[in-house]
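A short worksheet on the structure shown next.
Just follow the structure's listing: the first ligand is 1, and inside any ligand the first atom is 1. Hydrogens, waters and symmetry mates play no part in the numbers below; they use all other heavy atoms, side chains included. If you read the sequence from its start, that first residue is 1, and numbering goes on from there.
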Amino acid sequence: MAHGLQIKDEESGYNKNLFCIPKHYEEDLERVFIPHGLILDRTERLARDIMQDMGNNHIVALCVLKGGYKFFADLLDHIKALNQNGDKSVPITVDFVRIKSYCKDTPTEKISIVGELSTLNGKNVLVVEDIIKTGRTMKALLSKLKDNEPKMVKVVSLLIKRTYRSPGYRPDYIGFEIPDKFVVGYALDYNEYFRDLNHICILKERAKEKYKSNVR
Ligand code: HPA
Ligand code: MG
């Protein structure tokens, strides 16, 4: 079973004043939780693990938008580096899918999946996701993917949350296993804000009020 880098429940992260943070977000963040450099280092190793398992065939890397785009780009850079410098190499092509969930975290949660999946028929697909909390979204995506009969599907998620509500879905590759705290940065957002922040950080409570969505 896959294990990510474990970040303990009591981990408080790092003093944000010791890092470079965009001025416009300085007062909104509590702490730096996972520094950008650590994300990249862990991603480099994930790339190696993935290539070890999938590196014998053409890979279709499927990015789950929007939150997955930074991880996707950096993971593919590392995979390309392995293709360039290793003794074997495989073609990588890319595809994108957009997932939106409405009435999040409620029993009436609805998940909509936008993207062309029929091209994945017969392919080795690597789904690249930013964060898995309950696994419901990923299960919905995987069931839709299976309808298109890919040859193989593997899932890599940068983050997975330890939650008591989780039905226990675990992806094939995990970057970090984190406590059930709300995090932003590195393309993870709060109402579309904070994607433009390199480090994964913890929001201040009052920032949630400040950036509260006016569409519900
Ligand atoms: N941050 C951003 N998006 C999310 C999170 C989070 O902590 N959990 C689920 N989606
Ligand atoms: Mg999001």
Can any side-chain N or O of Asp95 pair as donor or acceptor with the backbone N or O of Leu62 at less than 3.5 Å? no
Note: ligand 1 atoms sitting under 4.0 Å from heavy atoms of Leu188 are 1 (N), 2 (C)
Ranking Phe194, Phe33, Phe182 by closest non-hydrogen atom to atom 6 (C) of ligand 1, top hit is Phe182
For ligand 1, which atoms have a heavy atom of Asp189 less than 4.0 angstrom away? 2 (C), 3 (N)
Based purely on interatomic distance, does Ile131 place a nitrogen or oxygen under 3.5 Å from a nitrogen or oxygen of ligand 1? no
Enumerate the residue pairs fulfilling side chain to side chain donor-acceptor pair (under 3.5 Å) with a member in residues 48-62, sequence neighbours excluded, ordered by first and then second residue. Arg45-Asp49, Asp53-Tyr173, Asn56-Lys88, His58-Thr93
Would you check the N or O atoms of Lys161, main chain and side chain alike, for any that come under 3.5 Å of an N or O of ligand 1? yes
Counting the benzene-type ring for Trp, do Phe33 and His199 have ring centres under 6.0 Å apart? no
Looking at Arg170 and Glu177, is there a salt bridge between them, counting it only when a charged N and a carboxylate O are closer than 4.0 Å? yes
Near Lys181 (heavy-atom distance under 4.0 Å), the atoms of ligand 1 are 7 (O)
Could you check whether Glu27 pairs with Lys210 (Lys NZ or Arg NE/NH1/NH2 to Asp/Glu carboxylate O, under 4.0 Å)? yes
